[in-house]
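These notes are about the structure you will find just below.
Ligands are counted one by one from 1 in listed order, and the atoms in each one are counted from 1 as well. Source: prediction; values computed, not measured.
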Amino acid sequence: MFFPPALAAVLLAQSALALTPVGHTASGRPMYVAPNGSRGVQVGNDLQLFAPNGTLLHTFADVVSGTSKRSSSTLARRGDVNFIEASTLLTRTDTLRAFNTSFVVPPLPATFDSQLLYLNAALLVSGGDSDVPFAEVRAVLQYGANALQGGSYWSIGTQLELIPDGGIVAIAPSRDFDPLVEPGTEIITSSTYHDVGDRFFRYLTQFPFIPGSPVLDFSFISPALGAVIGLETVGVLRDSDYPAGDVSFRQTNLTLESGAPEMRWNVSGAGTPSSGGPYLRVDVDGSTNAEFTVHF
Ligand SMILES: *[C@@H]1O[C@H](CO)[C@@H](O)[C@H](O)[C@H]1NC(C)=O
Ligand SMILES: *[C@@H]1O[C@H](CO)[C@@H](O)[C@H](O)[C@H]1NC(C)=O
Ligand SMILES: *[C@@H]1O[C@H](CO)[C@@H](O)[C@H](O)[C@H]1NC(C)=O
Ligand SMILES: *[C@@H]1O[C@H](CO)[C@@H](O)[C@H](O)[C@H]1NC(C)=O
Ligand SMILES: *[C@@H]1O[C@H](CO)[C@@H](O)[C@H](O)[C@H]1NC(C)=O
């Protein structure tokens, strides 16, 4: 087929640069998948995503949000996604070095109504000096299916979520890696800072004791703004769509450049012991061996 030169150039540019969403989340948010070993880099207000061989896969243009002031609502999220979480905001003069936690995979929910549950441990990042997070990098335990993986079982993954539009970049594991995890398995997640001698703050988010699991590798122009632990749900119809019992995040550590600071976690999102539905309690506060329990 003959294309006039200008159109051919446009088509070429698109095939070289555009990673199309592989699908949408249950709530209609675009989802992109990048191979393990891909790297993301913040360039001004854009996020660029590179394949393991260095090819630019995609530019998420203008995703770094502006300068509006921090408010408690900056941690609240989109309409049809329900969440409960404990979060902490960090001072920008101290670099977050490591954030890790441990939990046990809960039983399967008794019913599957195509609900999506994410238990996650995440870092919040903002652009420049802004205190408004534009992205969350996280290790997730997922029940239900998204465009990349899943079904009526628990599986693990790493994702970057763009907070303004809710788009998700998920890292595809290597071909021979099975992300399914059985109830009762202990899971450890970590996000660690890597100093590679440039001006970026590079964080690797992963499951350090699960060989072959997907590693999320993003570099930002500011150190992490905060840390979050919690539950996100889409499409839950009834109580039996949750697992029975509790999930406790234990041995949760936040290490900053200055060491382990005095700190407290704030709980936000729906749910109280009396209102029914899941709720989250901070059992042990602080930056070393903190504990949180999601009660279903
Ligand atoms: C680099 O990786 C991308 C994405 O996996 C692939 O499309 C491209 O062909 C690769 N390029 C080379 C030169 O290997
Ligand atoms: C908890 O929330 C309060 C009120 O929104 C805020 O002033 C405080 O900085 C938060 N604390 C942490 C550790 O994020
Ligand atoms: C958190 O720190 C404690 C004390 O240093 C350590 O025992 C625990 O293993 C750490 N947690 C994780 C998930 O590595
Ligand atoms: C996934 O990518 C990371 C680099 O980002 C690499 O260290 C790890 O070995 C990769 N895992 C597999 C199974 O290839
Ligand atoms: C968890 O964080 C602590 C404190 O930074 C560190 O000593 C430990 O090696 C980390 N463990 C994992 C599994 O990342």
Using the side chain to side chain contact (heavy atoms under 4.5 Å, CB included) rule, take F134 and N45 through it: C-alpha gap first, then chi angles, then the decisive distance, then the call. CA-CA 10 Å; F134 75 89; N45 286 331; over 6 Å; no
Need the ligand 3 atom indices (1-based, order shown) with element for anything under 4.0 Å from a heavy-atom of [X].
X    : value
N100 : 11 (N), 12 (C), 13 (C), 14 (O)
N253 : 1 (C), 2 (O), 3 (C), 8 (C), 10 (C), 11 (N), 12 (C)
Q251 : 1 (C), 9 (O), 10 (C), 11 (N), 12 (C), 13 (C)

Could an N or O of ligand 3 be found under 3.5 Å from any N or O of S102, whether backbone or side chain?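 N/O-N/O distance under 3.5 Å: no.
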Does ligand 4 come near enough to N36 that some N or O of the ligand is less than 3.5 Å from an N or O of the residue?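 Yes, N36 has an N/O under 3.5 Å of an N/O on ligand 4.
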For S174, atoms of ligand 4 separated by under 4.0 Å from a heavy atom: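 With S174 as reference, the close atoms of ligand 4 come out as 12 (C), 13 (C), 14 (O).
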G212: numbered ligand 4 atoms lying under 4.0 Å from its heavy atoms: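 The atoms of ligand 4 under 4.0 Å from a heavy atom of G212 are 13 (C).
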side-chain hydrogen bond (donor to acceptor under 3.5 Å, both in side chains) evaluation trace for S102 with E186: CA-CA 7 Å; S102 158; E186 187 192 12; 2.7 Å; yes
Run F220 and L47 through side chain to side chain contact (heavy atoms under 4.5 Å, CB included) and show every step you take. CA-CA 9 Å; F220 303 101; L47 261 193; 4.3 Å; yes
For each nitrogen or oxygen atom of ligand 1, which protein N/O atoms lie closer than 3.5 Å, and how far apart are they, rounded to 0.1 Å?
| from | atom 1 | to | atom 2 | distance (Å) |
| --- | --- | --- | --- | --- |
| ligand 1 | 2 (O) | N53 | OD1 | 3.2 |
| ligand 1 | 2 (O) | N53 | ND2 | 2.5 |
| ligand 1 | 11 (N) | N53 | ND2 | 2.8 |
| ligand 1 | 14 (O) | N53 | ND2 | 3.1 |

Does any pair with a residue in residues 208-224 pass side-chain hydrogen bond (donor to acceptor under 3.5 Å, both in side chains), and if so which ones, sequence neighbours excluded?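 Pairs touching residues 208-224 that pass the test: R202-D217.
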Please name the pair of heavy atoms, one in N289 and one in N253, separated by the smallest distance, quoted to 0.1 Å.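 For N289 versus N253, the nearest heavy atoms are N-OD1, 2.9 Å.
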ILVMFWY cluster, L204 and V41 together (side-chain gap under 4.5 Å):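 They do not share one cluster, since no chain of ILVMFWY contacts under 4.5 Å joins L204 to V41.
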Under 3.5 Å, sequence neighbours excluded: what are the donor-acceptor pairs made by side chains of residues 238-246?
| from | atom 1 | to | atom 2 | distance (Å) |
| --- | --- | --- | --- | --- |
| R238 | NE | D113 | OD2 | 2.9 |
| R238 | NH2 | D113 | OD1 | 3.1 |
| R238 | NH2 | D113 | OD2 | 3.3 |
| S240 | OG | T111 | OG1 | 2.9 |
| D241 | OD1 | T111 | OG1 | 2.6 |
| D241 | OD2 | L237 | N | 2.8 |
| D241 | OD2 | R238 | N | 3.4 |
| D246 | OD1 | H295 | ND1 | 3.2 |

Where's the contact between T252 and ligand 3, heavy-atom distance under 4.0 Å: side chain, backbone, both or neither?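 Neither; no heavy atom under 4.0 Å.
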Between N120 and R138, is there a donor-acceptor pair closer than 3.5 Å when you use the side chain of the first and the backbone of the second?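 The answer is no, because no donor-acceptor pair under 3.5 Å joins these two groups.
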Extract all donor-acceptor atom pairs below 3.5 Å that involve side chains of residues 168-184 and protein atoms in other chains or at least two apart in sequence.
| from | atom 1 | to | atom 2 | distance (Å) |
| --- | --- | --- | --- | --- |
| D178 | OD1 | L180 | N | 3.0 |

Run the numbers on Y118 and F83 for ring pair (Phe, Tyr, Trp, His ring centres under 6.0 Å), then give the verdict. CA-CA 9 Å; Y118 286 126; F83 70 95; over 10 Å; no
